[in-house]
Structure formats: C-alpha cells, structure tokens
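This report refers to the structure that appears directly beneath it.
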Amino acid sequence: KLLETDRSIVTLVCLKPGQSLTPFTHRRREAILYCLQGGVRVTPGEGDTEVTAGEIAFYDGSKQAGPGNYGDEDAAFLVTLVRKKGD
C-alpha cells in the first residue's frame, strides 16, 4: 500500500510475465487501475479488459477480479480503491 485514507486506498502491484493475482472483490468500493509498465488483463464481471502502459481502466470493486500479466515483460500498475458514495 502506498496510501490509505478513510475513503481510498492506493496500491502498487508488480507482476512477472504469466503471473496473476487470485480473484478477489472489494465490496463497497470502485476501482481504478492505471498501468505503468507492460500489460495487464483484468476480468471484472463479464469480459476481459486489457490495459497497457499509460492506460486506465475503471470497474466496480464488488465484481470479482484477478489481474494478470499477459505480456512478455514485467507489469506494474496502480490500483486506487475509492469507497462508493453513501458507504
């Protein structure tokens, strides 16, 4: 974790080629993924989202997601989790 407040959490994640995270959820949060290096594939709910360096993806954190590095180089990305309005 890089930062944690009452409303948000910012985490830096680094993955080697072929490495992925076990699918997880962040109930009551929205997620913003900003890819810094390489490429990441995220499956939040239905369908895959591929994000490469310099791109941003947004998804509902209550949907199960498991980011994975689908490329040939190391991947690094920031995940910002923001508490949903009213929670």
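Sequence positions, counted from 1, serve as the residue numbers for this chain.
- In this structure, Phe58 is not a member of the same hydrophobic cluster as Val82, with clusters built from ILVMFWY side-chain heavy atoms closer than 4.5 Å.
- Among pairs with a residue in residues 63-87, none fulfils ring pair (Phe, Tyr, Trp, His ring centres under 6.0 Å), at least two apart in sequence or across chains.
- In this structure, Lys85 NZ and Arg7 CZ are separated by 8.5 Å, a value rounded to the nearest 0.5 Å.
- One distance of note links OG1 of Thr80 with CG of Leu3; it measures 8.5 Å at 0.5 Å rounding.
- Counting only heavy atoms from C-beta outward, the side chains of Leu33 and Val42 approach each other to under 4.5 Å.
- Distance CG/Leu81 to CZ/Arg28: 12.5 Å, rounded to 0.5 Å.
- The CZ atom of Arg83 sits 8.0 Å away from atom CD1 of Ile9, with the distance rounded to the nearest 0.5 Å.
- Placement of Val40 and Tyr59 within a single hydrophobic cluster is found when ILVMFWY residues are connected by side-chain heavy-atom separations under 4.5 Å, directly or transitively.
- Minimum interatomic distance between Asn69 and Ala75 (heavy atoms only, all atoms of both residues): ND2-N, 3.3 Å.
- Residues passing the salt bridge (Lys or Arg N to Asp or Glu O under 4.0 Å) test with Arg29, sequence neighbours excluded: none.
- Atom-to-atom distance recorded for Ile32:CD1 and Ile56:CD1 is 7.5 Å, nearest 0.5 angstrom.
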Which pairs would a plain distance check flag for residues 10-26, meaning a side-chain donor or acceptor within less than 3.5 Å of a matching protein atom at least two apart in sequence or in another chain?
unit_1: Lys16; atom_1: NZ; unit_2: Asp74; atom_2: OD2; d: 3.3
unit_1: Gln19; atom_1: OE1; unit_2: Lys16; atom_2: N; d: 2.8

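- The salt bridge (Lys or Arg N to Asp or Glu O under 4.0 Å) test applied to Glu50 returns Arg41, not counting sequence neighbours.
- The existence of a salt bridge linking Lys84 and Asp60 is confirmed by a sub-4.0 Å separation between a basic side-chain nitrogen and an acidic carboxylate oxygen.
- Shown here are the salt bridge (Lys or Arg N to Asp or Glu O under 4.0 Å) partners of Glu73, two or more places apart in sequence or in another chain: there are none.
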